[in-house]
Structure formats: structure tokens, C-alpha cells
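To start, the structure itself, in C-alpha cells.
Since the model is a prediction, treat every value here as computed from it, not as a measurement.
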Amino acid sequence: MNGHTVTTDVLIAGGGSVGLMLAVLLRHHGVEPLVVEQKPQLSPHPRATGIGARTVEILREVGLEQAVNEAAVDLRAGKIRGRTLAEADFTEGMAWKTRGTPELTYTPARIRGTCAQNRFDRVLITKAGDVEFGVALDSFEQDADGVTVTLSDGRAVRARYLVAADGVRSRVRQILGIGLTGPGAIGRETTSVLFRAELRPRQPFAMCNIEHPDATGLLVTVDGEREWVFLTTMETKPTPELIRTALGDPSIEVEIRSVLTFRGRGQVADRLSAGRVFLVGDAAHAIPPLGAFGLNTGIADAHNLAWKLAHVLRGEAGPELLETYHAERHPVALMTMEQARLRFDDPSLHWGKDMAEARKAAGAINAPVVHMGYRYGSSALPSTEDVALDLDGSPGSRLPHMWLADGVSTLDLVRSQWCVLTADPGVEADVPVHVVDGWPYGTVLVRPDGFVSRSYG
């Protein structure tokens, strides 16, 4: 028991990917948070593998794009299938990747393949600052000036703000008594088996549907050589024999490293903030797994909240700025949950080719639009299929990307601060003005998170 009281501007309860990303972003804005995580160390188990383009843009902003690229696995194929891995057909998976390439014209983000969440976390923690493992939040009380938190080791923390990044069963959310909206648990319970095996597939791939009746499931790449995950809903013990059957190689050595069981959930907290307390990531919303939306939505939460906290803490904005966090992110969370649910019910809406008409009929939105085509303050979109049409410089949308000289994007000009982009050299403002030759979007005022605040035509 330690009676010492710690003081900090921001206490982050939860040191998973979203909590770590929030810490990185706060430090990028000059705020030193404290992160506490109840687990004894970073999770060795990859929970997600899909790092979206908007997340890579955020990593680019804080100088971690290259590090994540180095942690990623270069792929030649996307999703493949076969009775076993040895019998898999790589043709469709390679065509899937080719179809996705032209979409990258709307973003400067480049990731060479897939980066499993455990590898992603190891990159984030290098810039996350003070992270304490094996320490949980027990309780808290807030008043007009801050939040007093009691930790599991007996310490008290006095923070100006508390952010809950403590997962689907968030202790913070429960204490606040915030309800949930959504279908809740969906699908069957899934077993996730992290294992090591020396594999040399014909082509590096993202994932493979295994259709063997004795080992039905999904094989997911972690590092493309030694670490893999096998996901199955079969009610069978996860053994090396099961893995060997899925691989189609009875002689290969398999070492099981970790086993997790989970069930997909669709739920969004009815409030993402209460006074000086904020919810991010899975504490704010549980997104069904198909679509790679969950982790990326949580990263976007952190990006939205970090600059607002920093501005208020520095006295550059009033506390009413923080009220916009719920107003902006809650509709995005509801939309994203629904889009993931539609895909969970019909995976072809995500994986199928030439599915625009089917998506329209089902009310589904193309994945890139879900990731970054949304608009704060409006649910209307010019296109539910072509994200480039949605990024048109309108207020509430992410600033359009244009390549400038020497590999610089217009997004890079923002530099995490308010600024103006224009083609008119006569424009003057109280914030940095960037004159861009050929800029077709008029004069726009841009927020520190790269979203257009105002357009002047």
C-alpha cells in the first residue's frame, strides 16, 4: 500500500493500442500523460491486423509511419482460401490486392502489407512516455477541477482529465453508469490461437480461409515466417494437431504460444464523455470484427481528442471544446458499428468484387469511405463508394491530399496546428497560411487534426 498522491494532466486507464496512441499524440502536442495498464506487459497476442490508411496518416503526423512499415509484413496476396494452406489458391488473393491499389490516390499513406497489433503496440510504446504495467484503476471521483483516481496499488492520482481506454468491459464506463446501444454479442465464440511454425507459403498472404472439416477456420499472418494466428469457431481443443491439419503438413513443428477466446460484439456507449472523463476505443465502442474498423476507429478517437485536450490544458481554448468530442465521434462510432454488422451478416459486401450495387441495396458503404470519408457535423456524403469524392474540402471532412514537391503532402502542411490552405497568395490570417499552386478547393481553415473547419469558397 502506497499513500503517495501522483499528479498528472491526463491519466489514461488502459495501455492497449488506443491508450498508447493517445499517449503518443498527447506528447506530440506537448502534454505528458500517465498510462496505467492492468496487464503485466504488452499483449503478445495479435488481436487485429488491419492498419487502415487514415491510421497511417496519423502515424505519419507523429513520425511513426516508417517504423510501422518496418514492422509490417510485405504481402503479395490478400485473402485466399483452400481446404488447407497447402492446397490454397492464391490467384484470387493476388487479384484482390491489385484491385485495391488505385484507391491510394486519395492519401499519402503507404503501408507495405499487414501489421499485427502486437507488433504495432511495440512501435507505439517507444513514444508513449510513462506507461505503468500491472496497475489498474480501482475507482475515481471527479469534481469541478479534476479527477481523483485510486489505483490497485493503493496510490491516488490527481488528474485534470481521465481517459478510459480500458476495453469492452470498461471499469470506467461502468462506474459512470453509461449505457450501451447496439446488438451486443453477435456470432459464435471464437478461439484465437497464436502459434509459431516455420512456414514458407508460395506467396506472402494476409489471411486464408481453411475449409478442412476437421480444422475449419481462418489462418492470419503475423510476421509471414514464424508467427501466425488460427481463428476457429469449432468446439475443439486448440492443439498442434489441429494446426497441422489446417496447414496440410503433418510433419511441421508447431508451438502454441497463446490462446484467447472472444465473441464479436456490436455496442456503442450512449455517451463518450462525462464531465472530465472520456471514453476511447473499445471502452467507447465495440465494432464487429469484419472490416478492420475497430482498431482504426479507436485510433481516430484518440486523434480527435488529443489536440482538444492539449488546447484546453494550455488555455488556448475553453472547456466547451471538449464537448465536441462526443458530438463528433459518437455518430461515427454508430455508423461504423452498423457497417461492420452488415459485413458480419454478409462478408461478400466487404470481400466480394464488383459489389457496389449489392452494397447500395444493403445500405453498406465502401470500406475506404467508412475509414475516412465521414464528415463531422453531417451524415450526408457525395459518394458511398468513392472516398475521393467525399474528401472535397467541405467543412467537417478530412483535408484533401495533394502531392507537392519532394514527397510532401498537403496533409503534411498542417503540422498538427490550425492553418489555412489556399491558392490565393493574398490571403492573410492569424494562423499559418500555405499557398498551394493548383489548389482547387478554395480557401479552407484546417484544424490541428487535419479536418476542414471552414471553407471560404
Side-chain angles (χ1 to χ4, degrees), residues 1-43 62 121-167 169-178 269 271-284 298-299 301-319 321-322 325:
M1 179 74 80
N2 185 344
H4 178 60
T5 298
V6 178
T7 59
T8 184
D9 282 330
V10 180
L11 175 65
I12 302 172
S17 300
V18 176
L20 293 175
M21 188 76 245
L22 178 60
V24 171
L25 286 160
L26 285 169
R27 298 185 77 223
H28 178 71
H29 285 284
V31 176
E32 289 291 336
L34 170 63
V35 182
V36 293
E37 167 54 49
Q38 65 178 348
K39 294 178 181 176
Q41 60 186 5
L42 289 176
S43 174
V62 298
D121 290 350
R122 291 200 292 267
V123 173
L124 295 181
I125 201 168
T126 63
K127 284 196 173 185
D130 191 0
V131 181
E132 297 189 15
F133 289 97
V135 181
L137 177 148
D138 273 355
S139 63
F140 67 88
E141 293 182 353
Q142 60 174 316
D143 53 46
D145 300 315
V147 186
T148 301
V149 178
T150 302
L151 300 179
S152 58
D153 61 5
R155 284 179 299 162
V157 176
R158 181 63 176 173
R160 293 179 67 182
Y161 295 97
L162 168 64
V163 182
D166 53 346
R169 296 173 179 84
S170 171
R171 169 76 172 155
V172 173
R173 190 186 66 232
Q174 292 172 3
I175 292 173
L176 290 171
I178 294 175
R271 290 288 306 173
L272 303 191
S273 63
R276 289 176 171 265
V277 184
F278 302 87
L279 310 181
V280 297
D282 287 350
I299 298 296
D301 293 341
H303 194 235
N304 182 286
L305 181 60
W307 74 270
K308 295 174 181 178
L309 282 170
H311 272 57
V312 173
L313 286 165
R314 290 197 298 262
E316 297 171 359
L321 176 64
L322 296 173
Y325 172 68

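Not a single donor-acceptor pair under 3.5 Å links the side chain of Ser170 to the backbone N or O of Ala283.
When all heavy atoms of Arg169 and Arg173 are compared, the closest pair comes out as CA-NH2, 4.2 Å. Leu42 and Gly15 get closest at one heavy-atom pair: CD2-O, 4.2 Å. Between Ala165 and Ile12 the shortest heavy-atom distance is CB-CG2, 4.2 Å. Taking each heavy atom of Val135 and Glu132 in turn, the nearest pair found is CG2-OE1, 4.0 Å. Nearest heavy atom pair, residue Thr8 against residue Glu32, reads OG1-O, 3.6 Å. Smallest separation of non-hydrogen atoms from Val172 and Phe140: CG1-CE2, 3.8 Å.
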Practice item. Any chance you could lay out the side-chain contact (heavy atoms from CB on, under 4.5 Å) test for Leu26 and Asp9, step after step, and finish with the verdict? Key: CA-CA 10 Å; Leu26 285 169; Asp9 282 330; over 6 Å; no

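Distance check, rounded to the nearest 0.5 Å: CG of Asp301 to CE of Met21 gives 12.5 Å. Considering NE2 of His29 and CG of Leu313, their distance stands at 11.5 Å, rounded to 0.5 Å. Rounded to the nearest 0.5 Å, atoms CG (Asn304) and CG (Leu272) are 9.5 Å apart. Here the CD1-CG distance, from Ile125 to Leu20, works out to 5.5 Å after rounding to the nearest 0.5 Å. Atom CG of Leu322 and atom NE2 of His311 lie 11.0 Å apart (nearest 0.5 Å).
Of the residues listed (Val10, Leu11, Thr148, Val157), the one engaging Leu162 in a side-chain contact (heavy atoms from CB on, under 4.5 Å) is Leu11, and it is the only one. Of the listed residues (Leu25, Val62, Val280, Leu22), just one forms a side-chain contact (heavy atoms from CB on, under 4.5 Å) with His303, and that residue is Leu25.
Listed by chain and residue number, nothing satisfies the salt bridge (Lys or Arg N to Asp or Glu O under 4.0 Å) test with Glu141 (two or more places apart in sequence, or in another chain). With sequence neighbours excluded, the residues forming a side chain to side chain contact (heavy atoms under 4.5 Å, CB included) with Lys127 are Val24, Leu64, listed by chain and number. The salt bridge (Lys or Arg N to Asp or Glu O under 4.0 Å) test applied to Asp166 returns no partner, not counting sequence neighbours. In this view, Arg158 and Asp143 satisfy the salt bridge (Lys or Arg N to Asp or Glu O under 4.0 Å) rule, not counting sequence neighbours. Residues passing the side chain to side chain donor-acceptor pair (under 3.5 Å) test with Asp121 are Ser17, Arg47, sequence neighbours excluded. Take Arg276 and apply the salt bridge (Lys or Arg N to Asp or Glu O under 4.0 Å) test, not counting sequence neighbours, and it matches no residue.
Annotation for Gln38: atom CD does not count as buried by contact number, only 12 or fewer foreign heavy atoms lying within 6.0 Å.
Using cut-offs of 30° and 60° for the angle between ring planes, the Tyr325 and Phe278 rings count as perpendicular.
Using a 4.5 Å cut-off on side-chain heavy atoms (C-beta onward), Ile175 and Leu137 make contact.
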